[in-house]
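What follows is a set of notes on a single structure, which appears directly below.
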2 protein chains.
Amino acid sequence: MVMRKKRTNDPEGMRRRVLDVAEDTFQARGYHASSLGDLMAAAGVTGGALHHHFPTKKALALAVIEERVAAAVRETWIDPVLAAPSAREGVRAVFEAVAEELEQQGYVRGCPLNNLAHELSLADDEFRLALARIFADWRQAIADKIRADQLDGGEGAIDPERFAALTVAAYSGAMSMAKASQNAGVLRECLKGFENFELSPSRGRLKRRRRVLPRPKIG
Amino acid sequence: MVMRKKRTNDPEGMRRRVLDVAEDTFQARGYHASSLGDLMAAAGVTGGALHHHFPTKKALALAVIEERVAAAVRETWIDPVLAAPSAREGVRAVFEAVAEELEQQGYVRGCPLNNLAHELSLADDEFRLALARIFADWRQAIADKIRADQLDGGEGAIDPERFAALTVAAYSGAMSMAKASQNAGVLRECLKGFENFELSPSRGRLKRRRRVLPRPKIG
DNA sequence: TTATAAACAGACCGGTTGTCCTGTTTTGTC
DNA sequence: GACAAAACAGGACAACCGGTCTGTTTATAA
């Protein structure tokens, strides 16, 4: 009698593997079209283990949203924009980076946040709240960056919230069309339309007034 | 033995009733979350009748997309924009009309096209093509209107396709956020951001060059 | 070692799903 | 009226889904 292989408990690793395939499968096929059997097979996990870490399918999806989708938005949008020299440049860079990534990978699976938001927002209020918070954080990061730019004198008197809302909306909608047409070109199209627009509320445009003094309020 | 009620065949009416509830249910719960049993119960239709008009669930959804969703986009977007005095005014009017409608009805179910597009674009190529075509028609109508405005001298040298893409993207994305937050305010926010932008490519702005010649087309 | 709980395995079950199939009724046509 | 096709009724079914349940193995602490 041979004891062939011994089991090694690895709770974190197993949880991570499940979240990996769940994130990927939910993104590719959606929540309802992904069965737990599919996930178990893809992750090489038994039902007992899956149920141990995520008692229900909803709990699994909630974890995907709060841990993975939120992180994805942070990594591809919030952090780059905050690190950019200005909000406008950050937005432009993200648009282009995403467009290029999609074009060279040959297909468009859409925005993880928007994909799940459309399918789950009306299905369950817990889902909806988690998704709405990610949207809110996303918009607030952009608005904060605009405000910082304005303090530096590099941005006009545009309303930060409006700019942020429009940016997120334009990106989300563009990704929606890119997914339907399987063509990332509309992303570039929207970016160019976005760039060709100029801010107007301050009709007399302050042209590159590089920061001279620390300013307390919006220029 | 009493023959109480006789049956009356009404193919078109039955088909219409099925499409009515399918359109509504797909919009509210999505495709995968709507079972044929639900639809049959809601429509008061038996399985035989349903299967007679729509052999598969996919065929039903395809009919909803091509007949109902396309019509909804036409009625709430294409026709009003084409009938408006200008593309910009038409877009503004639609944004406001939708926002007001959502606010007074108290909840947001999202854009029918985007809802189905997100769930079905990757699931099946026939779905995807049908949805992509509706997006394309939507954008083209707006672009055509911009071109008409330009011929009338009421619009600058903005790129019509870019304007159209950005408009559809901004609306789709705004509806996505409105659905997640169950608050139509973001629609107004995006509209204001949109209005505050000015067209730039023709840096010297042609200001209100009112029509000098009789125009053959829409006034 | 021993006790205890966590981690995992895998079978099992009730309910649902989409589809199919057989029959009956209505409608149109000659 | 005869007949064929369309329109409709409703049951049946196999596959599948998510969740539960019991049992076994591993890690931890005393």
Side-chain angles (χ1 to χ4, degrees), chain A residues 1-23 25-26 28-65 116 119-120 123-124 126-127, chain B residues 1-23 25-26 28-65 116 119-120 123-124 126-127:
Chain A
M1 180 230 286
V2 262
M3 301 282 285
R4 195 49 74 186
K5 45 187 69 172
K6 308 182 71 172
R7 207 182 68 199
T8 332
N9 282 1
D10 179 20
E12 288 101 359
M14 173 153 293
R15 202 187 120 95
R16 183 178 45 78
R17 256 185 300 150
V18 172
L19 281 179
D20 282 343
V21 309
E23 176 187 10
T25 309
F26 286 165
R29 286 186 257 176
Y31 174 79
H32 286 104
S34 305
S35 76
L36 293 182
D38 294 341
L39 301 182
M40 282 162 48
V45 169
T46 64
L50 177 61
H51 177 263
H52 177 73
H53 291 282
F54 306 100
T56 64
K57 190 184 183 185
K58 173 181 169 178
L60 172 58
L62 222 39
V64 167
I65 292 172
L116 290 181
E119 190 178 2
L120 301 180
D124 186 284
E126 255 180 293
F127 281 147
Chain B
M1 177 229 287
V2 263
M3 302 284 283
R4 194 48 77 187
K5 47 187 68 172
K6 309 181 69 171
R7 206 182 69 199
T8 330
N9 283 1
D10 180 19
E12 287 101 359
M14 174 155 291
R15 202 187 119 96
R16 182 179 46 78
R17 255 185 301 150
V18 172
L19 282 179
D20 282 344
V21 309
E23 176 187 9
T25 309
F26 287 166
R29 286 186 256 177
Y31 173 79
H32 286 104
S34 306
S35 76
L36 294 181
D38 295 341
L39 301 181
M40 283 162 47
V45 169
T46 65
L50 177 60
H51 178 263
H52 177 72
H53 291 282
F54 307 100
T56 65
K57 190 182 182 186
K58 173 181 169 179
L60 172 58
L62 221 40
V64 167
I65 292 172
L116 290 181
E119 190 178 2
L120 301 179
D124 186 285
E126 256 180 292
F127 281 148

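The structure displayed is predicted, hence computed values, not measured ones. Sequence lines set the chain letters: A, B, ... in the order given, protein chains first and strands last, and positions in each chain run from 1.
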Worksheet entry | Upstream residue (5' side of DNA chain C) when A:Arg15 and B:Ser34 are each assigned their closest nucleotide | A:Arg15
Fill in: Short side-chain N/O contact from B:His52 to OP1 or OP2 of D:dA9, under 4.0 Å
no
Worksheet item: So does B:Arg15 pair up with B:Asp10, basic N to acidic O under 4.0 Å?
Response: no
Discussion item. Among C:dG18, C:dA9, C:dT24, which nucleotide has an atom closest to any side-chain atom of B:Arg7?
Written reply: C:dT24
Worksheet item: Quick one: A:Asn9 CG to C:dA5 P, roughly how many Å, whole number?
Response: 16 Å
Worksheet item: According to a strict under-4.0 Å criterion, is A:Ser35 in side-chain N/O contact with OP1 or OP2 of D:dC17?
Response: yes
Response to the item:
A:Leu36 CG to C:dC13 P, in whole Å, measures 19 Å
Worksheet item: Where is the tightest heavy-atom contact between A:Leu19 and A:Ala63, given as atom of each residue plus distance?
Response: CD2-CB, 3.9 Å
Discussion item. Can you tell me which nucleotide in D:dC8, C:dA7, C:dT19 comes closest to the side chain of B:Asp10?
Written reply: D:dC8
Discussion item. At less than 4.0 Å, is any side-chain N or O atom of B:His53 found next to OP1 or OP2 of D:dC8? Yes or no.
Written reply: yes
Discussion item. Less than 6.0 angstrom from the centroid, inside 45 degrees of the normal: does A:Lys57 satisfy that with respect to the ring of A:Tyr31?
Written reply: yes
Worksheet item: What is the distance from CG of B:Leu60 to P of C:dT17, rounded to the nearest Å?
Response: 15 Å
Discussion item. What's A:His51 touching, base or sugar-phosphate or nothing? Going by heavy atoms closer than 4.0 Å.
Written reply: base
Worksheet item: Rounded to the nearest Å, what distance is computed from the CE atom of residue B:Met40 to the C1' atom of nucleotide C:dC20?
Response: 13 Å
Worksheet item: Please give, in whole Å, the distance from C:dT17 P to B:Lys57 NZ?
Response: 9 Å
Worksheet, complete the sentence: Separation of C:dT19 atom C1' from B:Lys58 atom NZ, nearest Å, is 15 Å
Worksheet item: Can you check the A:Leu39 CG to D:dC17 P distance for me, whole Å?
Response: 10 Å
Worksheet item: So do B:Glu126 and B:Lys58 actually touch side chain to side chain, heavy atoms under 4.5 Å?
Response: yes
Discussion item. Nearest to the side chain of B:Ala49, heavy atoms from C-beta on, is which of D:dC8, C:dG18, D:dA27?
Written reply: D:dC8
Practice prompt. To the nearest Å, give me how far apart NE2 (A:His32) and P (D:dC16) are.
Written response: 19 Å
Item to complete: Check whether any side-chain heavy atom of B:Leu39 lies under 4.5 Å from a side-chain heavy atom of B:Leu60, and answer yes or no.
Response: yes
Response to the item:
Winner on side-chain proximity to A:Pro11, out of D:dC8, C:dT27, C:dC8, is C:dC8
Fill in: Pairwise 5' ranking along DNA chain D for A:Tyr31 and A:Gly48, keeping only the more 5' one
A:Tyr31
